[in-house]
Amino acid sequence: MNSGVAKVKDWILGRHAERDELAPEENIIDSRLVDSMSFIELIYVIESASGAEIDFDTIDLADFQSLAAIDRAFFSRGAR
Amino acid sequence: MTALRPVSLTAEWMAAARAVESEQADALFVDPLARDLASANGFELLDKYPNGGLRQFIWIRTKFLDDSVTGLRPADGIEQVVLLAAGLDTRAFRLDWPAGVVVYEVDHGPLVEEKQRRLDRLGAKPKVPRHAVAADLTTQWLPDLVRAGFDPGRPTLWIVEGVTFFLTPQQAADLFVTLADASAPGSRLDLDILGGALLRNPFSRAFLDAMRADGRPWLFGTDEPAEFLAEAGWKVRELKEPGQPGIGERRWPYAVQPRDRRGANRLWLVRAEVVSRG
């Protein structure tokens with residue numbers, strides 16, 4: 001896991017004291033680890049870790065549904 | 001089977017949320033009637049919609065609007081308080097009301113009747129002169145309020161809690177114009193309004209779709225509540241969000257986003273005063 005995704009993972013686990021692990025493919029939306037109020041914080045964590053700017057008007061929920069999806073969408077583009 | 005219509009199921013849902021908070025050791029408020037008023041329906045809905053921050057918001061909003069009532073001072077000159085679409089609100093029974101104030105609870109007839117039945121069964125006694133007004137808020141309801149004793153010539157505190165979500169933008173604008181027209185100088189309007197971004201947020205979609213499917217769609221929100229209310233004749237005195245200092249910060253599990261941050265879900269808590277004309 002690259003360091004950017006690790007920061008995202010740390011942020012999610014930091015919000016959920018009951019959890020100490022998060023699998024790359026676990027759906028963080030269905031499991032409510034990230035919800036409609038905290039998503040804005042997730043976006044800023046991703047922006048801060050990736051240096052990318054996320055356009056709110058074209059957000060695709062699929063890009064945020066797991067650590068693996070976030071990795072593919074925001075951290076591994078150059079490797080594709 | 002319930003005697004209440006879908007929007008009244010929402011009232012039971014809100015009562016269930018108030019019941020849960022009331023039973024916390026460090027509760028923001030205590031509503032001893034809420035659990036019985038909510039019935040099983042309310043708790044089912046509370047479990048069905050565990051969406052981000054909703055129950056915390058209900059708690060914080062309740063406290064914010066409680067403070068609007070208990071913070072009234074004789075110098076404010078407000079002796080009538082109107083709870084619009086009051087639902088199963090029990091402020092008349094649980095708050096310490098300033099002397100000389102009369103409260104009007106407005107909601108549709110079947111809810112008013114069912115609420116009274118439940119209150120009677122619980123032996124609840126109001127702590128303030130209270131008038132329950134059966135009216136249809138989608139039509140000309142003001143005459144019903146006046147017939148119950150409301151005087152548009154005297155300053156009023158209007159409390160519009162959890163109402164505008166369910167209106168179209170035009171209905172919301174019309175409502176606040178109606179209230180301004182019925183407000184003597186010194187009148188206040190305290191309420192909550194959804195942020196506009198919340199209604200567009202893809203992370204809200206599952207919740208919003210479920211609300212729509214259940215017949216209670218959220219329709220209206222704005223990211224510029226002060227401007228919206230100004231158009232209708234109201235000047236915002238306080239514009240707050242949950243989690244700010246003094247606004248339920250120990251209950252709010254999210255970071256308060258700076259106002260200039262685009263795309264953030266906002267849940268506005270507002271205190272406004274009528275703009276005097278002429």
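Throughout, a chain's letter reflects where its sequence line sits, starting with A, and its residues are numbered from 1.
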CD (B/Glu227) with more than 12 external heavy atoms under 6.0 Å:
yes

A/Asp60 atom CG, over 12 foreign heavy atoms within 6.0 Å:
yes

Among residues 30-38 of chain A, residues within the sub-4.5 Å heavy-atom range of chain B, in order of number, are A/Arg32, A/Val34, A/Asp35, A/Ser36, A/Met37, A/Ser38

* Check: B/Gln257 main-chain N/O paired with B/Arg266 side-chain donor or acceptor under 3.5 Å -> yes

By residue number, those in residues 241-253 of chain B with heavy atoms under 4.5 Å from heavy atoms of chain A are B/Trp252, B/Pro253

Against chain A, residues from residues 15-35 of chain B with at least one heavy atom under 4.5 Å, in numeric order, are none

- Run the numbers on B/Tyr254 and B/Phe57 for ring-ring contact (aromatic ring centres under 6.0 Å, His included), then give the verdict. CA-CA 11 Å; B/Tyr254 308 100; B/Phe57 175 63; over 10 Å; no

Any donor-acceptor N/O pair, B/Lys115 side chain to B/Asp89 backbone, under 3.5 Å: yes

Under 4.5 Å to a heavy atom of chain A? For B/Leu267 that would be side chain

Could you tell me if B/Arg55 sits above the aromatic ring of B/Tyr49, with its cationic atom closer than 6.0 Å to the ring centre and no more than 45 degrees from the axis? no

Can a cation-pi geometry be assigned to B/Arg261 and A/Tyr44, taking NZ or CZ under 6.0 Å from the six-membered ring centre and within 45° of the ring axis?
yes

By side-chain contact (heavy atoms from CB on, under 4.5 Å), A/Pro24 pairs with (sequence neighbours left out) A/Ala68

Determine whether a donor-acceptor pair (N or O, by modelled atom type, separation under 3.5 Å) exists between the side chain of B/Thr164 and the backbone of B/Ala172. no

Stepwise, does the ring-ring contact (aromatic ring centres under 6.0 Å, His included) test hold for B/Phe220 with B/Phe166?
CA-CA 7 Å; B/Phe220 171 66; B/Phe166 302 102; over 10 Å; no

Q. Relative to each other, are the rings of B/Phe176 and B/Phe228 parallel, tilted or perpendicular (30° and 60° limits)?
A. perpendicular

Worksheet item: Is there a donor-acceptor pair under 3.5 Å between the side chain of B/Trp218 and the backbone N or O of B/Leu167?
Response: no

Would you sort out whether A/Ser76 and A/Asp71 count as a side-chain hydrogen bond (donor to acceptor under 3.5 Å, both in side chains), showing the intermediate values? CA-CA 6 Å; A/Ser76 303; A/Asp71 189 6; 2.6 Å; yes

